[in-house]
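Nothing here was measured: the structure is a model prediction, and the numbers come from that model. Throughout, protein chains are lettered first and strands after them, A, B, ... in sequence-line order, and every chain is numbered starting at 1.
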Number of protein chains: 2
Amino acid sequence: MSSSKPPSPRTEPAAVPAAVVNRLSLYLRELQHLVQHGIQTISSSQLGERLGFSDAQVRKDLAHFGNFGHPGVGYRCDELISEIRRILGTDRRWSVALVGVGNLGRALLGYRGFAPQGFALAAAFDSDPAKIGGRIEGVEILPMDRLSEVVAERHIDLGLIAVPAADAQTAADRLVAAGVRGIVNFAPLALVLPDGVSQVGVDLARELEQVAFAVASRLRSGQTNGQ
Amino acid sequence: MSSSKPPSPRTEPAAVPAAVVNRLSLYLRELQHLVQHGIQTISSSQLGERLGFSDAQVRKDLAHFGNFGHPGVGYRCDELISEIRRILGTDRRWSVALVGVGNLGRALLGYRGFAPQGFALAAAFDSDPAKIGGRIEGVEILPMDRLSEVVAERHIDLGLIAVPAADAQTAADRLVAAGVRGIVNFAPLALVLPDGVSQVGVDLARELEQVAFAVASRLRSGQTNGQ
DNA sequence: GTCTGTGAAAGTGTTCACAGCG
DNA sequence: CGCTGTGAACACTTTCACAGAC
């Protein structure tokens, strides 16, 4: 995330920790999965156990936003799904623009997991003239200089950046200038964005580094230490 | 991450928080970027500022692992890069297996960001007979029933799972049985893995949900104010 | 009895602020 | 001086434990 953080003068009424929002997404996936299997209610301890959290954690997370549970029963899955979607803002449709139609961009255009969560890839842009005019998964590849116009026209609020690292900041600047208010950035660098525009960075090599560290740590402690 | 967590009997010598390891990756990227631009040393405050962290945060994170700084000077970039790579375990080459050669799998095979960080995609598997035998980015697509054999043969330690959600757990089980000790899972569900095998989950829709929440929150507080 | 929601306690992580080194 | 490394203070998160609802 980004936005202003350092100058935090007074305690705002309800600043929800990013970690809570992250877990909300996990709860949502699990609930959607449960519903598909015909399960109608679930307790905080059952939900937590499936995801590796404590029951109290689940209840506290949800308590940030209201009282959704039913004492003696648990949570009704469909009800809680609606509530979490409302909290996350995915009870409506979000139009998303993709910038960069390389390997990763194409995969994002074809990804089936966006639509069920309320995200529609409504436009794709690339700077390569050879790609422009082509269609991938029904989405036409447009030139960068039409970005501003199309983002406004199609009421696009979020952007996906899948360009090489060197071009990512420029892509972000264009999206922001066009009115986009949130960006998921797949380039391995931190974007500099104005206040009021959120970013989430996804660095594929970083994800591998995290597991590599865990594995390397285990190897080290396994060799040098008892447990 | 996964591994055992609930039954944590005694305080281990140095349990490094996952958040620290995450930031280590960010520091590493930034340092690599700085070196490319000819910068040789950097202070904790400069490094932190570029990534949105405090100077103390940077120093504390690094202090978990040793004394890498030079008072009055800062950190020497190339030195710190080596140290962080050693800590993360990426001072050596990791062989990685990909399971699932769909849109996303192909993008991962073609991703240029893995090699510079020490990760080599050494094998790719798919269950679709039509794909088997094909080559993508120089990597041959192999059938699932050769997974165990090839993982052993090529000394593969990490796996990337890019199959549909319904097949992800099976893919994980096969990788684990073959000896893989860490998995990055792109399917939107939590894998059940034995102790000693780490996982990092990357759910693309979840990343969008995180920015959607931030944007929606800003809209709400901007429109209604009070809350 | 089961399960939620929630204050209070425990535990973690972050920032402060300064001694000490180059 | 500038900057690191670090104990101490602070803030935040998680867990505990129990009153109240079904």
In numerical order, the residues of residues 33-46 of chain A whose heavy atoms come under 4.0 Å of DNA chain C are A:S43, A:S44
Between B:R154 and B:S95, do the side chains contain a donor N or O and an acceptor N or O under 3.5 Å apart? no
B:F68 meets the ring pair (Phe, Tyr, Trp, His ring centres under 6.0 Å) criterion, sequence neighbours left out, with none
A:R76 atom CZ is separated from C:dT4 atom P, nearest whole Å, by 12 Å
note: B:F68, atom CZ; D:dG5, atom P; distance rounded to Å ~ 9 Å
In short, ring-ring contact (aromatic ring centres under 6.0 Å, His included) pairs touching residues 15-35 of chain B with sequence neighbours left out are B:H33-B:H37
- prompt: Looking only at side chains, do B:Q46 and B:S43 share a donor and an acceptor under 3.5 Å apart?
  reply: yes
Side-chain atoms of B:R23 come closest, of C:dG13, C:dG5, C:dT14, to C:dT14
Rounded to whole Å, CG of B:N67 lies from C1' of C:dG22 at a distance of 14 Å
Check: Going by distance alone, is a donor N or O of one side chain under 3.5 Å from an acceptor N or O of the other, for A:S25 and B:Q210?
Finding: yes
Looking at A:R86 and A:E83, is there a salt bridge between them, counting it only when a charged N and a carboxylate O are closer than 4.0 Å?
yes
In whole angstroms, the gap separating C1' of D:dG2 from CG of B:L47 amounts to 17 Å
In whole angstroms, the gap separating P of C:dT6 from NE2 of A:H64 amounts to 12 Å
From CD of B:E79 across to C1' of D:dT4 the rounded distance in Å is 13 Å
Protein heavy-atom contacts under 4.0 Å, written 5' to 3' over nucleotides 15-22 of chain D as B (base), S (sugar-phosphate only) or - (none), form the string BBB--BBS
Exactly one candidate in A:R29, A:R85, A:R23 meets salt bridge (charged side-chain N to carboxylate O under 4.0 Å, His left out) with B:E209; the answer is A:R29
N or O in side chain of A:Y75 less than 4.0 angstrom from C:dG5 OP1/OP2: yes
Atom CG of A:D55 and atom C1' of C:dC3 are separated, to the nearest Å, by 10 Å
For A:S82, the side-chain contact (heavy atoms from CB on, under 4.5 Å) test, sequence neighbours excluded, returns none
Residue pairs passing the side chain to side chain donor-acceptor pair (under 3.5 Å) test with at least one member in residues 158-179 of chain B, sequence neighbours excluded, are B:Q169-B:D173
Separation of C:dG5 atom P from A:F65 atom CZ, nearest Å, is 13 Å
